[in-house]
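Worksheet for the structure shown next.
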Amino acid sequence: MKINLLSSDVYNRIAAGEVVDRPYSVVKELVENAIDAGASEITVEIEGGGKSRIRVTDNGGGIGKEDLPRAYAPHATSKLKDAEDLFTVSTLGFRGEAIASIAAVSRMNIVSKTKEGVACALSCEGGVLGEVHEAGGADGTEVTVEDLFFNTPARLKFLKSDSTEEGDVANMMARFLLSRPEISFTYRANGKVKYRSYGDGLASALVAVYGTEILDKCYEISADKHGIKLSGYLGNQNFSKPNRSWQNLFVNGRYVVNQTVSGAVTNAYAGYLMKRQYPFYVLFLAVPNEIVDVNVHPNKADVRFADNQIIYGSVYSVVSSVLDGNARALEYLAPSALPKTPVSSVSVDPVLKAEKQTASAPSVSAAPMKKMTYEAAKKELAFDVSPMAGKTPAPRLFDDDRNELRVAKPQFAASAVDVFEENRKLLREQEKKAEQERVEPDTLIYKGELFCTYLIYEGVECAYLIDQHAAHERLIYDRLRARCEARQVKSQPMLVPYLLEVNAQEYAFLIKNFPLLRELGFDIEEFGGTSIKVSAVPIDLQNIQMEAFFREVLSSLDGYKGIKLTDILKDKLASAACKAAVKGGESLTEGEVRELLKKMDGDMGLKCPHGRPVAVKVKKTELEKLFKRIV
Ligand code: ADP
Ligand code: MG
């Protein structure tokens with residue numbers, strides 16, 4: 001056998017596949033270059049799903065005449081001089097291989113003009129460079145890529161249909177609009193404008209991508225927790241999507257898909273959304289650079305965190321506070337009333353921008369808060385995850401947050417500009433709306449039952465269908481949670497203690513959560529080996545199926561290994577409790593239902609712990625329409 005040295009042409013064609021494999025990845029590289037060049041306006045045009053043509057035009061710094069050939073050279077970059085720079089690099093691309101790789105597998109042309117220089121053009125066909133010549137053109141750069149993979153038929157075969165490729169480019173573009181709201185983007189496919197943003201902020205970019213109605217359906221958040229900043233938009237409790245493609249996460253400005261963060265958000269929504277429904281979000285997470293590893297692979301959109309627990313805990317706690325609308329939510333909702341500082345530099349990402357605004361707001365800097373730093377949080381958590389944690393005092397991470405807030409609150413009230421007034425108004429309005437939706441149970445007339453499940457009640461000009469099982473579940477769930485919160489759970493001793501046999505891993509997990517289980521009303525202790533003895537249960541769960549219940553509790557171990565579980569477990573316990581307590585198909589008496597309605601306190605917007613609605617309202621006019629009495 002003979003060892004051949006590959007010609008650089010062949011090498012580049014192979015390497016190209018690592019950086020660019022589809023039109024959307026070409027678009028990604030070219031747009032990132034435009035952003036790195038400091039552009040404030042970027043236009044992307046594609047034809048034939050990007051297979052026949054991709055053109056990216058920007059008004060950035062441009063490439064000088066002498067540099068033009070160098071832009072095409074592999075490992076040529078203006079963004080990195082030596083290995084030292086690797087650790088401080090802040091631009092998006094720095095490996096200097098995108099242009100070379102794309103040029104090796106397409107017909108590429110670059111026209112560019114720096115402020116001082118003249119516009120020059122240089123093209124390259126399948127890696128063969130042409131001559132630099134002067135051309136007309138405005139300041140900035142225009143890169144055109146035609147006939148992608150024309151010289152690599154194998155890759156060409158792997159491309160999908162034009163419309164699929166177009167869809168992926170559009171997704172990519174949507175992310176750029178969202179992650180760079182300070183840049184004005186225009187995206188055209190086959191001559192039609194698909195997206196256009198104006199570089200005037202995130203709210204505007206959201207509207208550009210998702211339409212004008214989106215803002216009404218979202219909470220805007222801006223939170224700082226343990227040195228981790230979380231900002232952006234969260235869909236409200238009634239706004240769900242059938243899949244995850246509506247979820248956008250940007251970590252330190254980069255779009256990523258990350259299990260820890262998405263898991264935390266999903267779990268925070270668990271009580272509000274039905275199975276197989278997913279929350280909408282556009283979230284920006286800003287974390288200290290030293291705890292995140294983004295340099296995984298140029299095309300892999302994931303990051304690694306040094307400590308998943310802190311990330312998980314912070315995200316979960318912020319999102320669930322906002323959804324539950326508790327006192328802390330005010331802290332996390334965006335202070336949109338803050339005076340806005342104009343953004344001069346184009347390289348500012350929205351997270352940093354938010355940070356800047358907060359820092360410059362007089363009301364906030366006048367009221368310095370004791371913030372727990374990432375380092376401090378880590379120390380506390382290290383304590384929590386030690387194998388013996390069950391024997392040490394319960395973790396106090398979130399308790400501390402509460403104390404912190406108690407300290408911080410009056411200072412806010414005393415500040416000159418009440419930055420949270422807007423949000424408070426919003427919450428009051430929501431409350432008022434809920435109040436209007438409230439129904440007086442006494443005014444409802446019972447009219448019967450359908451399919452042993454739905455109870456029919458007549459109200460004023462409308463009827464209510466109540467899912468009695470969902471209602472029942474919700475009642476028990478609320479009761480349990482309230483009691484947990486108030487630390488006054490009543491236990492019911494069991495005649496025969498229940499013995500639970502588990503494996504070592506499950507054992508460790510349960511031991512660690514003993515304090516929580518005890519708080520919930522379980523009398524639970526070690527029983528030699530890896531067995532556990534339960535001798536009392538919460539009074540609401542007297543008839544609980546112990547095995548099923550613990551299986552449910554332990555199922556939360558799989559997905560979230562090594563993650564702080566307190567909050568998830570509380571929800572899990574309560575919802576598992578409900579499932580065990582309510583047997584499907586069972587019907588209630590009229591008296592029991594009245595009781596139930598009273599306890600619901602007329603709140604018809606309630607959902608069961610699994611997110612199904614408890615009551616559905618049917619207007620008389622809707623029925624009349626069905627019968628064509630009115631149109
Ligand atoms: P990298 O972005 O990793 O440096 P590329 O192959 O993507 O590598 O680009 C090579 C070089 O070409 C860049 O470092 C930059 O100097 C120049 N360049 C590419 N695109 C643009 C652009 N739109 N505006 C200005 N300079 C550009
Ligand atoms: Mg690049």
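As the structure lists them, so they are numbered: ligands from 1, and atoms in each ligand from 1.
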Q. Can you tell me how far the OG1 atom of T164 sits from the CZ atom of R22, to the nearest 0.5 Å?
A. 8.0 Å
Q) If you measure from atom 18 (N) of ligand 1 to every heavy atom of L68, D58, I63, which option wins on shortest distance? A) I63
Q. N/O to N/O below 3.5 Å, does that happen between A98 and ligand 1?
A. yes
Q: Check each atom of ligand 1 against the heavy atoms of I99 and keep those under 4.0 Å away; list them by number with element.
A: 5 (P), 6 (O), 7 (O), 9 (O)
**Q.** Atoms of ligand 1, numbered as shown, that sit under 4.0 Å from any heavy atom of E97
**A.** 6 (O), 8 (O)
**Q.** Approximate separation, where rounding is to 0.5 Å, of Q247 CD and L283 CG
**A.** 9.0 Å
Q. Quick one: which of Y269, W246, F280 gives a ring pair (Phe, Tyr, Trp, His ring centres under 6.0 Å) with F239?
A. F280
**Q.** Modelled atom types, side-chain donor and acceptor of Q259 and Y312, under 3.5 Å
**A.** no
Q: Could you list the atoms of ligand 1 found under 4.0 angstrom from a heavy atom of A37?
A: 24 (N), 25 (C)
Q. Between E29 and ligand 1, does any nitrogen or oxygen pair lie at a separation below 3.5 Å?
A. no
(Q) If you measure every N or O of D36 against every N or O of ligand 1, does any of those distances drop under 3.5 Å? (A) no
Q) Under a 4.0 Å N-O cut-off, is there an ion pair linking R188 with E45? A) yes
Q.
Give the atom numbers and elements of ligand 1 that come within less than 4.0 Å of a heavy atom of A71.
A. 10 (C), 12 (O)
